[in-house]
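A quick write-up on the structure given underneath.
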Amino acid sequence: MSLPLYFGWFLLSPVQNKVRCTSMDFLKTLDTLEAFKKYLTDFTGKPEKEVDLEQYFQAKGPLHCTTKFCNYGKAEGAKEYAENPAVKEFYSSVFELSLSALFVTPRTVGARVSLTEEQLLLWPADAETEVEPATSLPLGSRAHVTLGCAEGVEPVQTGLDLLQILALQQEGQQPETVEEMELGSLTYYGEGRWWLKLREPICSPACFSSFYG
Ligand code: A2P
């Protein structure tokens, strides 16, 4: 059996454009906010330097939500995942993903995906890697779409950034800044971590499939 680089849900074309536009609008607005400028050094390292977030992050490849990174069979559990009856049954089926939040850190920009019970059948049990602060997060917490990475940052970082923000939320850390935006409420979790809970989650049709590269 030839195993892919990864399995995941691939957003269908029209919704890819919608998500990209929403993300661009968010980045365009975020870097003009006084609240963001106050913490600009998180991104620039220097107080007076400006940042254009649309240029700061680069996107590559089709928009997708990785379920299992297989690395052509070299990743642990890859074969077992491919043999899971749910994976075989749902392969090439279209699902409705719910993108419920956008998040930005100095490394990545992404969208959180809130999975349904049925979608969780395709979620591997070992995806929720330990992050700081250490806490146990529910299955599916790492589900996301990478929308862009800063120079030199690999996409795998997006899921780790998401887990870290969720761990801070679960710990009860009070966000430092809350601002109401047209898209939803924006909160700041320190160290350049911004979280926008969307007023209206984006409903994204996506095909469960795999990528060979
Ligand atoms: P993500 O799912 O956050 O976008 P690459 O291009 O670096 O080979 O990665 C291909 C895809 O697999 C990307 O979508 C990436 O991250 C995801 N990915 C890469 N490495 C891992 C990993 N170790 N664990 C989980 N997902 C990974």
Side-chain angles (χ1 to χ4, degrees), residues 2-13 15-20 22-24 26-27 53 56-84 86-87 90-92 95 97-115 119-132 136-167 192-196 202 204-213:
S2 113
L3 291 170
L5 181 61
Y6 60 90
F7 284 90
W9 288 283
F10 294 79
L11 275 59
L12 302 190
S13 280
V15 84
Q16 284 207 35
N17 294 338
K18 180 184 165 153
V19 172
R20 282 207 177 93
T22 307
S23 161
M24 285 299 177
F26 172 46
L27 294 179
L53 289 179
Y56 184 91
F57 294 111
Q58 267 107 55
K60 60 167 189 178
L63 291 188
H64 66 277
C65 172
T66 305
T67 51
K68 177 70 185 173
F69 180 70
C70 294
N71 199 13
Y72 307 109
K74 288 192 276 274
E76 212 181 306
K79 189 164 176 280
E80 291 74 9
Y81 181 82
E83 284 169 352
N84 175 339
V87 170
F90 290 119
Y91 196 81
S92 80
F95 290 76
L97 294 186
S98 172
L99 276 47
S100 53
L102 299 179
F103 55 94
V104 171
T105 75
R107 300 163 293 281
T108 63
V109 52
R112 181 187 194 186
V113 179
S114 297
L115 298 176
Q119 292 161 1
L120 282 171
L121 297 174
L122 296 167
W123 195 253
D126 60 353
E128 278 68 39
T129 326
E130 276 290 319
V131 289
E132 281 298 320
S136 114
L137 291 165
L139 191 74
S141 296
R142 187 177 179 159
H144 68 280
V145 176
T146 296
L147 298 169
C149 295
E151 205 183 331
V153 175
E154 295 296 328
V156 64
Q157 184 61 45
T158 320
L160 305 177
D161 285 353
L162 170 60
L163 288 175
Q164 199 180 54
I165 296 174
L166 295 177
R193 295 169 293 209
W194 294 88
W195 180 260
L196 177 75
I202 304 172
S204 309
C207 181
F208 178 66
S209 181
S210 58
F211 184 85
Y212 282 82

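Counting convention: from 1, in listed order, for ligands and their atoms alike. What you see below is based on every heavy atom in this structure, not just the backbone, and it leaves out hydrogens, waters and symmetry mates.
- In terms of protein heavy-atom proximity, atom 6 (O) of ligand 1 is closest to Lys60 NZ, 3.9 Å.
- Between the CZ atom in Arg142 and the OG1 atom in Thr129 there is a gap of 4.0 Å [rounded to 0.5 Å].
- Atoms CG and CG, on Leu162 and Leu137 in that order, are 8.5 Å from each other to the nearest 0.5 Å.
- Residue contact check: Arg142 has heavy atoms under 4.0 Å from atoms 24 (N), 25 (C) of ligand 1.
- The protein heavy atom nearest to atom 9 (O) of ligand 1 is Phe69 CE1, 4.2 Å.
- Scanning all protein heavy atoms for the shortest distance to atom 2 (O) of ligand 1 gives Thr66 OG1, 2.6 Å.
- Ranking the protein heavy atoms by distance from atom 8 (O) of ligand 1 puts Leu5 CD2, 3.8 Å first.
- The presence of a protein heavy atom under 4.0 Å from atom 24 (N) of ligand 1 is confirmed.
- For ligand 1, the atoms sitting less than 4.0 Å from at least one non-hydrogen atom of Glu154 are 7 (O), numbered in the order shown with element in parentheses.
- More than 12 heavy atoms of other residues, nucleotides or ligands lie within 6.0 Å of CD in Glu83, so this atom counts as buried by the packing criterion.
- No part of Glu76 comes within 4.0 Å of ligand 1, judged by heavy-atom distances.
- Using cut-offs of 30° and 60° on the angle between ring planes, the pair Trp9 and Trp123 is parallel.
- Protein heavy atom at the shortest distance from atom 15 (C) of ligand 1 is Pro155 CB, 3.8 Å.
- At a heavy-atom distance under 4.0 Å, only side-chain atoms of His144, from C-beta outward, approach ligand 1.
- The closest approach between any non-hydrogen atom of His64 and ligand 1 is below 4.0 Å.
- By the 30° and 60° cut-offs, the orientation of the rings of Tyr91 relative to Phe7 is perpendicular.
- Taking CG of Asn17 as the start and CE of Met24 as the end, the distance is 11.5 Å to the nearest 0.5 Å.
- With contacts defined as side-chain heavy-atom distances shorter than 4.5 Å, the pair Val87/Thr67 does not qualify.
- The CG atom of Leu166 lies 5.5 Å from the OG atom of Ser141; values are rounded to the nearest 0.5 Å.
- Heavy-atom contacts of Tyr6 reach the following atoms of ligand 1: 10 (C), 11 (C), 12 (O) (cutoff under 4.0 Å).
- Residues Phe95 and Gln119 meet the side-chain proximity criterion, which asks for heavy atoms closer than 4.5 Å.
- For atom 4 (O) of ligand 1, the nearest non-hydrogen atom of the protein is Thr146 OG1, 2.7 Å.
- Val156 CG2, 3.3 Å is the protein heavy atom nearest to atom 22 (C) of ligand 1.
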